[in-house]
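Take a look at the structure below.
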Amino acid sequence: INGVGAILQSAKRTLGRAAGALDVNRSTVGDIGFNFADVDLQMSPASERLLRRFDFGTIRRKRVDNFHALAQALDGKVTPAQPHLPEGACPLFFPIVVRDKAATAHALRGHGVQALEFWNHGADGADDVTFGNAQFLRSHVLALPVHQDLSARQLAHMVDRVSALNLQFPS
């Protein structure tokens with residue numbers, strides 16, 4: 001996170017705590033796996049109020065547009081894990097297949113691209129023999145953001161940084 005972003009994130013955290021959110025259990029987005037302890041997390045009252053104000057149709061359209069923009073701009077430069085969006089979908093990320101997920105995420109973050117290492121570990125008891133395809137995906141799929149707050153400039157920067165890494169996954 002750049003200097004301004006770090007300051008804003010710190011201010012947001014401070015305001016949240018001042019507003020009585022001290023005793024709230026938090027779960028990290030993009031955490032490595034599924035944690036049963038997080039199943040009963042409660043939404044904050046502030047988040048609940050904000051949800052009533054969102055225009056979900058516009059949010060979905062913007063995410064779909066961003067997904068398609070990345071798919072088009074990165075065509076031939078990356079291997080998408082999901083090249084086409086199913087009708088009616090609202091994407092959370094643009095997933096790409098990379099050789100080394102951790103190293104690629106680290107490199108992209110170093111250039112201001114908040115790539116997410118999502119779903120790194122499977123459920124307890126899931127072995128590589130029975131669930132080999134899932135293990136491959138966990139090891140090689142990296143998530144690029146497509147959220148509704150991305151600007152055209154940010155998308156262009158992401159495309160530039162991703163393209164510079166030569167991430168086309170061998171067939």
Side-chain angles (χ1 to χ4, degrees), residues 1-6 8-10 12-13 16 24-39 41 43 47 59-60 62-86 89-151 153-171:
I1 297 176
N2 64 29
V4 174
L8 291 172
Q9 186 176 37
S10 176
K12 180 183 83 164
R13 191 176 301 117
V24 172
N25 292 329
R26 290 177 171 78
S27 180
T28 304
V29 173
D31 197 3
I32 303 306
F34 183 78
N35 185 349
F36 281 103
D38 292 340
V39 171
L41 286 180
M43 182 187 315
S47 293
I59 289 170
R60 183 187 158 283
K62 182 69 172 161
R63 286 177 174 217
V64 167
D65 289 348
N66 289 343
F67 184 98
H68 289 140
L70 285 179
Q72 183 177 10
L74 293 173
D75 187 31
K77 298 172 185 167
V78 299
T79 302
Q82 178 73 33
H84 305 288
L85 218 55
C90 180
L92 184 58
F93 306 109
F94 182 75
I96 60 173
V97 182
V98 297
R99 287 178 201 89
D100 186 334
K101 184 160 92 170
T104 303
H106 180 76
L108 288 171
R109 284 189 210 115
H111 291 284
V113 176
Q114 294 301 311
L116 228 105
E117 298 175 70
F118 198 65
W119 191 49
N120 288 340
H121 300 292
D124 291 339
D127 60 30
D128 292 349
V129 174
T130 307
F131 300 100
N133 290 338
Q135 180 54 44
F136 175 84
L137 294 172
R138 282 194 292 275
S139 298
H140 295 284
V141 174
L142 184 66
L144 300 177
V146 295
H147 61 79
Q148 64 277 6
D149 295 325
L150 289 172
S151 68
R153 183 173 170 221
Q154 290 168 319
L155 282 170
H157 174 76
M158 190 178 345
V159 167
D160 179 60
R161 296 293 82 214
V162 169
S163 297
L165 290 179
N166 185 26
L167 297 176
Q168 185 67 35
F169 195 83
S171 301

Which pair of non-hydrogen atoms, one from [X] and one from [Y], has the smallest distance, and what is that distance?
X      : Y      : value
Ala73  : Val159 : CB-CG2, 3.6 Å
Ala105 : Ala115 : CA-CB, 4.3 Å
Leu165 : Ala107 : CD1-CB, 4.1 Å
Val146 : Pro91  : CG2-O, 3.8 Å
Phe67  : Pro83  : CE2-O, 4.0 Å
Val64  : Ala89  : CG2-O, 3.5 Å

| request: From the options Val162, Leu142, Leu144, select the one residue that forms a side chain to side chain contact (heavy atoms under 4.5 Å, CB included) with Phe94. | output: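 For Phe94, the side chain to side chain contact (heavy atoms under 4.5 Å, CB included) check succeeds only for Leu144.
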Going by side chain to side chain contact (heavy atoms under 4.5 Å, CB included), Pro145 matches just one of Met158, Arg63, Gln154. Which one?
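The option that passes is Met158.
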Any ion pair linking Glu117 and Arg109 (charged N to carboxylate O, less than 4.0 Å)?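 So Arg109 pairs with Glu117 through a salt bridge.
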>> More than 12 heavy atoms of other residues, nucleotides or ligands under 6.0 Å from NE2 of His147: yes or no?
In response: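 Counting other residues, nucleotides and ligands, NE2 of His147 exceeds 12 neighbours.
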Working to the nearest 0.5 angstrom, can you tell me the gap between His111 NE2 and His157 NE2?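 Spacing of NE2 (His111) from NE2 (His157) equals 8.0 Å.
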Nearest 0.5 angstrom please: Ile59 CD1 to Lys62 NZ, how far?
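Here the interatomic distance stands at 12.0 Å.
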Heavy atoms, side chains only, cut-off 4.5 Å: are Thr104 and Arg99 in contact?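 Heavy-atom side-chain distance check fails, nothing below 4.5 Å.
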Q | Step-by-step side-chain contact (heavy atoms from CB on, under 4.5 Å) determination, Asn66 to Leu155 | A | CA-CA 8 Å; Asn66 289 343; Leu155 282 170; 3.2 Å; yes
message = Before you tell me yes or no, could you show the steps for Asp100 and Val98 under side-chain contact (heavy atoms from CB on, under 4.5 Å), namely the whole-Å CA-CA distance, both residues' side-chain angles and the distance that decides it to 0.1 Å?
response = CA-CA 6 Å; Asp100 186 334; Val98 297; over 6 Å; no
